[in-house]
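Take a look at the structure below.
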Amino acid sequence: MKFENILVPYDRSESAKRALTTALAMAADTPGARVTAFFAAPVPEFESSQFLAAESVSGIMHMPADELGAMQRQYIAYEQGLLAEDLQDYVGDSLFAPQGPLAVAVGQGKPSKAILDYALDHNNDLIVMGCRGLNAVAGMLGSVSYAVLRNASCPVLIEK
């Protein structure tokens with residue numbers, strides 16, 4: 001089976017790098033195939049009850065929603081730049097050419113949910129991910145890879 005739109009959750013871990021290598025090799029066999037390296041950024045939820053309580057206790061004035069949104073967009077752009085820089089060091093510049101097979105994307109929120117939402121929203125036909133990321137804590141599979149494996153609407157390949 002040939003996959004044309006592959007998502008690789010990427011957290012800079014060795015396991016994620018192996019998954020990216022596997023996905024790029026799979027994409028090389030399919031003309032026009034794309035691989036997206038995706039990072040779920042831990043963006044603070046400024047409207048959460050915990051953040052609002054801390055804001056109130058500290059005496060800091062509440063920031064308007066449009067300013068908060070701008071800060072979040074700026075942070076996402078920053079993380080996307082870091083991701084692209086890391087990947088260029090790992091795979092080289094040629095894969096990032098406009099018609100190259102590799103793209104980068106950054107989402108926000110809980111990693112498993114962000115990965116699943118991105119895959120669904122962008123019609124990914126395969127997710128290739130490492131079995132243990134930087135923050136994995138439980139079992140043979142990391143908690144994020146386990147959640148994605150159980151809940152994805154497309155096939156998931158777990159790279160050891």
Sequence-distant partners of Thr30, side-chain contact (heavy atoms from CB on, under 4.5 Å), two or more places apart: Lys2, Glu4, Ala33
CD1-OH distance between Ile127 and Tyr118, expressed to the nearest 0.5 angstrom: 11.5 Å
Straight-line distance of Leu149 CG to Met129 CE, nearest 0.5 Å: 8.5 Å
ring-ring contact (aromatic ring centres under 6.0 Å, His included) partners of residues 1-35, not counting sequence neighbours, each pair once: none
Between CD on residue Gln108 and CZ on residue Arg73, distance to nearest 0.5 Å: 10.5 Å
Sequence neighbours excluded and cut-off under 3.5 Å, please list the side-chain donor-acceptor pairs for residues 150-159, or say none.
residue: Asn151; atom: ND2; partner: Ala147; partner atom: O; Å: 2.8
residue: Glu159; atom: OE1; partner: Thr22; partner atom: OG1; Å: 2.6

Leu7 vs Leu126 side-chain heavy atoms within contact, under 4.5 Å: no
Euclidean distance, Asp125 CG relative to Arg34 CZ, rounded to 0.5 Å: 13.5 Å
Separation between CD of Gln88 and CG of Leu102, rounded to the nearest 0.5 Å: 9.0 Å
Heavy-atom pair of closest approach, residues Ser145 and Cys131: OG-O, 3.3 Å
Derivation of the side chain to side chain donor-acceptor pair (under 3.5 Å) call for Ser112 and Tyr146: CA-CA 9 Å; Ser112 58; Tyr146 183 70; over 6 Å; no
Residue pair Gly130 / Ser15: nearest heavy atoms and the distance that separates them: CA-OG, 2.8 Å
Contacts of type salt bridge (Lys or Arg N to Asp or Glu O under 4.0 Å), residue Asp117, not counting sequence neighbours: Lys113
Ala23: side-chain contact (heavy atoms from CB on, under 4.5 Å) partners, not counting sequence neighbours: Ile6, Val8, Val35, Val128
Which pairs would a plain distance check flag for residues 76-83, meaning a side-chain donor or acceptor within less than 3.5 Å of a matching protein atom at least two apart in sequence or in another chain?
residue: Glu79; atom: OE2; partner: Tyr75; partner atom: OH; Å: 2.9
residue: Gln80; atom: NE2; partner: Val104; partner atom: O; Å: 3.1

Leu20 CG to Phe38 CZ distance, which is reported to the nearest 0.5 Å: 14.5 Å
